[in-house]
Amino acid sequence: LFFFMIIGLTGTMGAGKSEVVKYLKNKGFEHYVYSDILKGIAKQRNIEPTRKNLRELGTKIKKETKNMGILSINLLKKIKTDKAVVDGIRNASEIRELRKRKDVYIIGVTAQQKPRYQRLKKRKRTGDPKTFEEFKKADNLENRGKTKGQNINNCLKMADFTINNSGSLEQLKKNIEKILKTISS
């Protein structure tokens, strides 16, 4: 049985989307990231690729193109494989753009704020909040639609599947496997 499958990931920062990606890559999925498109544009425009700058650049590009789903359009053009995971969906228009294809499934990944902040501290990614207060502020902005063009909570509501990743890595893998079985059957 041969079929195409694109899995779109949305979720709160530090929820474990990268772990989902790692698992799917081991299953033969190609990996594409929304922020990579923005980082490329930021480089062209000599903009430092901080989380805040990329968020603002995304808003600006959507205004310039008058298309809230422009990042999904650009990502879909890059996919040349039968199995892909696209990571970092932050607004409903991006999901609607992806769903113009029949082979798309959206997975939302969530977890409580404290464990997500601890994960962020461990990963030490450039642009991540340095204190729990900074984290809460950024998290609330992104998740409640207070940042123009971003509303992760709305994206989570639109997801075909949701994983609460407050448990172990093994539990996360079991949840992903269950979703893959459901999609494939």
Side-chain angles (χ1 to χ4, degrees), residues 6-22 24-25 29-81 83-101 104 106-110 113 116-117 119-156 158-159:
I6 297 173
I7 293 179
L9 289 180
T10 189
T12 50
M13 67 175 142
K17 295 181 299 295
S18 298
E19 289 299 329
V20 174
V21 166
K22 245 187 253 178
L24 291 173
K25 282 171 72 175
F29 282 76
E30 286 289 319
H31 178 219
Y32 301 86
V33 187
Y34 279 84
S35 63
D36 284 350
I37 290 184
L38 290 172
K39 286 174 186 170
I41 296 166
K43 189 176 182 178
Q44 290 168 358
R45 296 183 183 188
N46 285 323
I47 298 169
E48 188 186 348
T50 64
R51 189 175 195 93
K52 181 179 182 280
N53 288 349
L54 293 177
R55 191 170 50 226
E56 289 169 0
L57 180 60
T59 302
K60 189 174 184 179
I61 289 163
K62 289 165 188 172
K63 258 191 202 141
E64 289 170 4
T65 61
K66 294 177 178 49
N67 186 340
M68 291 296 288
I70 189 68
L71 299 178
S72 286
I73 291 168
N74 288 336
L75 266 183
L76 288 170
K77 286 178 188 170
K78 291 177 172 280
I79 298 172
K80 306 280 187 250
T81 180
K83 293 194 308 189
V85 55
V86 296
D87 180 15
I89 301 166
R90 294 202 174 347
N91 76 61
S93 296
E94 300 293 1
I95 292 175
R96 282 190 286 277
E97 200 57 56
L98 287 172
R99 285 204 167 130
K100 288 181 180 177
R101 293 185 52 151
V104 170
I106 307 299
I107 298 176
V109 187
T110 65
Q113 275 187 332
R116 290 189 293 119
Y117 174 65
R119 290 174 188 157
L120 243 60
K121 277 178 33 181
K122 277 186 195 145
R123 76 181 187 191
K124 295 179 178 145
R125 200 178 284 170
T126 307
D128 275 347
K130 302 282 181 254
T131 66
F132 187 59
E133 287 310 309
E134 280 178 34
F135 170 81
K136 283 196 310 192
K137 188 177 175 187
D139 191 50
N140 291 338
L141 274 175
E142 288 181 6
N143 301 340
R144 296 200 172 76
K146 293 184 174 108
T147 303
K148 279 191 171 76
Q150 292 196 2
N151 189 335
I152 293 168
N153 283 345
N154 198 24
C155 292
L156 288 167
M158 295 174 73

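For the numbers below, each heavy atom of this structure counts, side chains included, while hydrogens, waters and symmetry mates do not.
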Would a 4.5 Å heavy-atom cut-off, applied to side chains only, mark Leu98 and Ile89 as touching?
yes
Rounded to the nearest 0.5 Å, how far apart are CG of Leu54 and CD1 of Ile37?
12.0 Å
Is the closest side-chain heavy-atom distance between Arg55 and Leu38 below 4.5 Å?
no
N/O donor-acceptor pair under 3.5 Å between Lys17 side chain and Gly11 backbone
yes
Taking the side chain as every heavy atom from C-beta outward, state whether Glu30 and Ile79 have any pair of such atoms under 4.5 Å apart.
no
Partner set under side-chain hydrogen bond (donor to acceptor under 3.5 Å, both in side chains) for Asn67, not counting sequence neighbours:
none
If you define the side chain from C-beta out and look only at heavy atoms, does anything of Ile106 sit under 4.5 Å from Met158?
no
If you round to the nearest 0.5 Å, how far is OG of Ser72 from CZ of Arg99?
11.0 Å
Those residues at least two apart in sequence (or on a different chain) that pass side-chain hydrogen bond (donor to acceptor under 3.5 Å, both in side chains) with Arg119 are none
What I'd like to find out is whether the side chain of Val86 reaches to under 4.5 Å of the side chain of Tyr34, using heavy atoms alone.
yes
Where the side chain of Arg116 meets the backbone of Met13, is there a donor-acceptor pair that is under 3.5 Å apart?
yes
Could you tell me which residues satisfy ring-ring contact (aromatic ring centres under 6.0 Å, His included) with Phe29, sequence neighbours excluded, listed by chain and number?
none
Indicate yes or no: at least one non-hydrogen side-chain atom of Lys136 is less than 4.5 angstrom from one of Gln113.
yes
Residue list, side-chain contact (heavy atoms from CB on, under 4.5 Å) with Lys130, at least two apart or on another chain:
Glu134
How close do Cys155 and Ala92 get, heavy atom to heavy atom, and via which atoms?
SG-N, 3.8 Å
According to salt bridge (Lys or Arg N to Asp or Glu O under 4.0 Å), does anything in residues 36-48 pair up with another residue at least two apart or in another chain? List the pairs.
Arg45-Glu64
The criterion is side-chain hydrogen bond (donor to acceptor under 3.5 Å, both in side chains); which residues satisfy it with Lys100, sequence neighbours excluded?
Glu97
Take Thr10 and Val109 through the test side chain to side chain contact (heavy atoms under 4.5 Å, CB included) and record every step on the way to the result.
CA-CA 6 Å; Thr10 189; Val109 187; over 6 Å; no
Under a 4.0 Å threshold between the charged nitrogen and the carboxylate oxygen, would Lys52 count as salt-bridged to Glu56?
yes
Work out which heavy atom in Pro129 is nearest to a heavy atom in Leu120; give both atom names and the distance.
CD-CD2, 3.7 Å
pair Leu9-Val21: side-chain heavy atoms closer than 4.5 Å
yes
What I'd like to find out is whether the side chain of Lys83 reaches to under 4.5 Å of the side chain of Leu24, using heavy atoms alone.
no
Qualifying residues under side-chain contact (heavy atoms from CB on, under 4.5 Å), relative to Tyr117, sequence neighbours excluded:
Lys121, Phe132, Phe135
With sequence neighbours left out, the residues meeting side-chain contact (heavy atoms from CB on, under 4.5 Å) with Ser93 are Met68, Asn91, Arg96
Quick check for you: to the nearest 0.5 Å, what is the distance between Lys60 atom NZ and Ile41 atom CD1?
11.0 Å
Taking the side chain from Thr50 and the backbone from Asn53, do they hold a donor-acceptor pair closer than 3.5 Å?
yes
Measure across Leu57 and Ala42 and return the closest heavy-atom pair with its distance rounded to 0.1 Å.
CD2-N, 3.6 Å
Considering residues at least two apart in sequence or located in another chain, which fulfil the side-chain hydrogen bond (donor to acceptor under 3.5 Å, both in side chains) criterion with Thr110?
none
